[in-house]
Every structure is written in structure tokens, then in C-alpha cells.
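Okay, so here's the structure we're looking at.
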Amino acid sequence: LITWNAMLDGYAKTGHLRKAKTLFDSLPQRNLISVTVLLVGFAQSGNLSDAKRIFTTMPERDTVSWTAMLAAYTQNGHLEEAKLVFDTMPQRSLVSWNAILSAFVQNGVHLEQTKALFDSMPERDMVSFNAMLAAYSWSGYAEDAAKMFGIELPDRNLVSWNTLLSGFAENGHVCQARSLFLQMPERDLLSWSAMLVAFAQNGRFASALDTFESMKTLELPDHLCFREIFLVCNHVGKASMGRSHFASMQLDFELEPTKHHFCCMVDLLSRAGYLEDAEDLIKTMPFLPD
RNA sequence: CGAUCUGCAU
């Protein structure tokens, strides 16, 4: 049963919900965990109604499944329902508290209210602190976030660094973002791409391209990075560079270009005057043009 | 074996 649940989780986490559902239906044994995994899978793919249906029909619920339902509402932008779940759930763990805190943060509740919730929590961990850090960044208080990072955080991890980094980036503080980036004890894909986006969105196109080149030696860039790079190539009018990244994304990194990538490339080629190539690309792409 | 924090748009 544990193995089946792990498989279920694997399908659900990679977005293969059809397979997950089929596997779930064919399981000889299921438990609370199997059902919760499926609930989370639906919620994360944006299928709130099925998630809700699973929740209301499940034979038993524990704190994990209640919190999963709370998060499901949060992820789909339903703050009021998330609050309601929080208020009605029989027990609340630290994770439940963190989940409602994130609900506030992600749905843009006023900073004061979010801080009040944070202060009222019976206990806090790094996830709580990181969520609060994000709240400051999101509201444009990158400085306060930095202060909190320096003083109040009991500990810091890579997520804390990344949160602060993106806070600087979002507020246009590219230089501070850069120095923070250089100071970081370790960097992951999110750190690199936050830095890349920071440069790109503040007009530092050459730095963005340099960052991308460095990043490729250490991390596997994902769809988001390539999308950003195509935008950069577009801004600086480097169609040939865009083309080679487009090829590289498929050949070297085995990433399937999405509609957005094709869209960027068509835009890039058209602006650079390669209209026939742009048309060819539209004809050969595996999507219907819209 | 399951729930909560960080990058994002032609």
C-alpha cells in the first residue's frame, strides 16, 4: 500500500492526474493517504471542484487532509474558503498555521493583518518566517524584509535567501539583488532564475545573458528561464541568438517548447525581419495558432 | 507513502 501511494504521489506531483486517477480506481486497497494524495493532485492542477468533492466524500479526515483542503483553496485564490476551513478544522498543526499564513500572503492580505496572524501563531518555524519574509517583499518592503532577514530570523535557508533576492528584484533593486546573490552560500535553480529575471526586467540585458550562460554550467534551466531569455533576445534584437537557444533548449536540455516559447520566437523572428522563418515556425509548431 | 515557505510572462 505504501508503494502504491508513493506511485500515486509520483503521478500526482508530475501532473499526470489521469494516470493517478486510473491507478487510484484500480487499487485493491486504499487508505486516508491515498485519498489525500489525490486531493492534492487535483488541487495543484487547478481542479478545485474535484478536490472539494474528494474532500467532502472521504470517509475520514485528519489534520493533513484538512490542511490540504485549506491549501487547495489558497492555491486557487479562494481566501475566504481557506479561512473557513482553518476555522472549522478540528485540530491545527504548525503546518496548518503556516498554510493559513501563506493564504494571507499569496492572496495579498494587508501586511498588518498578516503580521498580526504571524504574531498570534502558537509556534513558528522557518517556513513561517520565510512566508512572512515574502509578505514584506511582496508589499514592496524589501528593506524591512532585509532587516528581518538580518535580525529576526532564527535561522536561514536557501528559501530565505531566494525570497529576499526576489524581493529586491521585484522592487527594482538590481544592485542589491546582485550583491545578495554573490553573498549566498549556495544557489539553486530558483536563485539563478530570480537573478536572471531581475536583470532582464530592469533592462540589464547583457548581464541577463551572462547570468544565463553561467547558470547553464551549474543548473538545468527550465521553461521559465528560456522564456525569459527569448524575451531578452527580443529586446536586444538578437534573432540568431534566440534561434540557437531555441534549438539548445530542445537538444541539450530536452525541454518541449510551450505555446509561450513559440510565441516569443515568432515575435522575435518577425521583428528581426525573418518573416518566412516565423511563418515556418507557426506551421511546424504542435499547437493551433490562436 | 500524504498537507505549509522562494523564481514567472507575448
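Any value given below was found using the heavy atoms of this structure, including those in side chains, with hydrogens, waters and symmetry copies removed. Quick note on labels: first sequence line is chain A, next is B, and so on, each numbered from 1.
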Check: Excluding sequence neighbours, so at least two apart, what forms ring pair (Phe, Tyr, Trp, His ring centres under 6.0 Å) with A:Y274?
Finding: none
Checklist line | Listed partners of A:H223 passing ring pair (Phe, Tyr, Trp, His ring centres under 6.0 Å), at least two apart | finding: A:H261
With sequence neighbours excluded, tell me which residues meet salt bridge (charged side-chain N to carboxylate O under 4.0 Å, His left out) with [X].
X      : result
A:K147 : none
A:D9   : A:K13
A:D155 : none

Item checked: Selection residues 193-217 of chain A - residue pairs positive for salt bridge (charged side-chain N to carboxylate O under 4.0 Å, His left out), sequence neighbours left out -> A:E213-A:K216
Check: Centroid-to-centroid, A:F86 to A:W66, below 6.0 Å?
Finding: no
Next item on the list: Using side-chain contact (heavy atoms from CB on, under 4.5 Å) as the criterion, list what pairs up with A:S244, not counting sequence neighbours.
Entry: none
Note to self: Quick test of your reading: applying side-chain hydrogen bond (donor to acceptor under 3.5 Å, both in side chains), list the pairs with at least one residue in residues 163-186 of chain A, sequence neighbours left out, ordered by first then second residue.
What the structure shows: none
Note to self: Per the side-chain hydrogen bond (donor to acceptor under 3.5 Å, both in side chains) rule, what does the pair list look like for residues 22-37 of chain A, sequence neighbours excluded?
What the structure shows: A:N5-A:N31, A:N5-A:S34, A:K21-A:D25, A:N31-A:S34
Next item on the list: Indicate for each nucleotide in nucleotides 2-7 of chain B, in 5' to 3' sequence, whether protein heavy atoms under 4.0 Å reach the base (B), only the sugar-phosphate (S), or nothing (-).
Entry: BBBBBB
Next item on the list: Within residues 267-275 of chain A, find the residues that approach RNA chain B with a heavy atom at under 4.0 Å, and present them sorted by residue number.
Entry: none
Margin query: Using a 4.0 Å cut-off on heavy atoms, which residues in residues 237-254 of chain A reach RNA chain B? List them by number, or say none.
Written below: none
Next item on the list: Return the value, rounded to whole Å, for the distance between atom CG of A:L231 and atom C1' of B:A9.
Entry: 7 Å
